[in-house]
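Chain identifiers are assigned alphabetically (A, B, ...) following the order of the sequence lines, protein sequences preceding nucleic acid strands; residue numbering begins at 1 within each chain. Worth knowing before you read on, the calculation uses all heavy atoms, side chains too, and leaves out hydrogens, waters and symmetry mates. Note that the coordinates shown come from a computational prediction; the quantities given were computed from them, not determined experimentally.
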Amino acid sequence: RNIPEASTAKATQTIDVSNATWHNFARLVDVQVGSHVSGVSELKRYLQRFGYVKDDATDLSDVFDGHLEYAISLYQQNLGLPITGRLDTSTVALMSSPRCGVSDAHMINAGVHTTAR
Amino acid sequence: YTYFGGKPKWYRDKLTYAFSETHKLDYMNSDDVRKAFRRSFGRWAGVIPVSFEEIDDYAKADLKIGFFAGDHGDGQPFDGVLGTLAHAFAPENGRLHLDAAETWVVDDDFKGGGSTVAVDLESVATHEIGHLLGLGHSSQESAVMYPSVRPRTKKVDLTVDDVAGILKLYGANPRLRLDSLTQSEDSLQNG
């Protein structure tokens, strides 16, 4: 679907102010499952850092695999984004935003369902 | 709202807090930092029957606040400008660490221009105090306990989601006025 103009503007602004490491996520927008793209491994490390990829996971390659798609879906669910499993603009923008350093692992363990509250 | 595993909480109605004398900002008046935190603690104290008192003795304080840079020995290294801004530990650990590399501002200093990467200290303090008290992250963007915060933005008012979470842990302060809370559309829809 088309992204509303306001959302696009907000996402772009957020990416622009992010730190050097996470700023690189902007080039991963719309990367597809099965792709091999430089920078995907950094995204996996980001998701591991915040509890979405297991701590003992060793395959942090640049391949966008099914595990990453699932991790992105969990992230979207916990952060109140539309759950697509895709690296859409709003997801990448939020991943690029500054945040609290506390892992989201407790949200995953709690099985967050916002509609249930 | 969510909680940490096991729903840890404090079992006292009076908690002390102190600022590190060695790990502090050199560009910000410590009185300004103290005032910002006093307001942040006051927001939570207005909701639950727990009071917060600042003391000078950092070692003896229940809650220990400091500004740290890079790897500071707790397994959660900071990463420079933006990225991760701060972290705090679940009860009854009591440590609250802020990234010294950030451009912290108080009292809406970012409104008159200034740095594009300025971060409002009071907003982050309010969020991290929620962690100190036992709250995890919220999925509601309007909530103080939402994990992400934009630079040059102030978000200090507790929402219904924040308050509902903390009330389940500690019960209500008798002076709590529910009509003073910020209510998101989601909160209203979910009763």
Side chain B/H131, main chain A/V102, donor-acceptor under 3.5 Å: no
Distance, nearest 0.5 Å, that separates OG of A/S96 from CG of B/L82: 11.0 Å
Separation of B/H87 NE2 from A/R99 CZ (nearest 0.5 Å): 13.0 Å
Linked, directly or transitively: B/F78 and B/L121 (ILVMFWY side chains, under 4.5 Å): no
Atom pair OG (B/S139) and CD (A/Q77), whose distance is rounded to the nearest 0.5 Å: 7.5 Å
Co-membership, hydrophobic cluster, residues B/V156 and B/F37, 4.5 Å side-chain: no
B/N29 atom CG: more than 12 heavy-atom contacts under 6.0 Å: yes
Engaged part of B/E102 at the chain A interface, taking heavy atoms whose separation is under 4.5 Å: neither
Atom pair CG (A/L79) and CD (B/Q140), whose distance is rounded to the nearest 0.5 Å: 12.5 Å
Proximity breakdown for B/F4 and chain A, heavy-atom pairs closer than 4.5 Å: both
Hydrophobic cluster identity match, B/F19 and B/F68, side-chain contacts under 4.5 Å: no
Transitive ILVMFWY side-chain link A/Y46 to A/L81, under 4.5 Å: yes
Residue part contacting chain A, namely of B/F89, when any heavy atom lies under 4.5 Å: neither
A/P98 side chain near B/R150 side chain, heavy-atom distance below 4.5 Å: no
Backbone N/O of A/H106 and side chain of B/T2: donor-acceptor pair under 3.5 Å: no
Donor-acceptor pair, side chain of B/S148 and main chain of A/L94, under 3.5 angstrom: no
Side chain / backbone / both / neither for B/A164 at chain A, heavy atoms under 4.5 Å: neither
Neighbour count above 12 (heavy atom, 6.0 Å) for B/H72 NE2: yes
Shared hydrophobic cluster for B/F41 and B/Y170 (ILVMFWY, side-chain gaps under 4.5 Å): yes
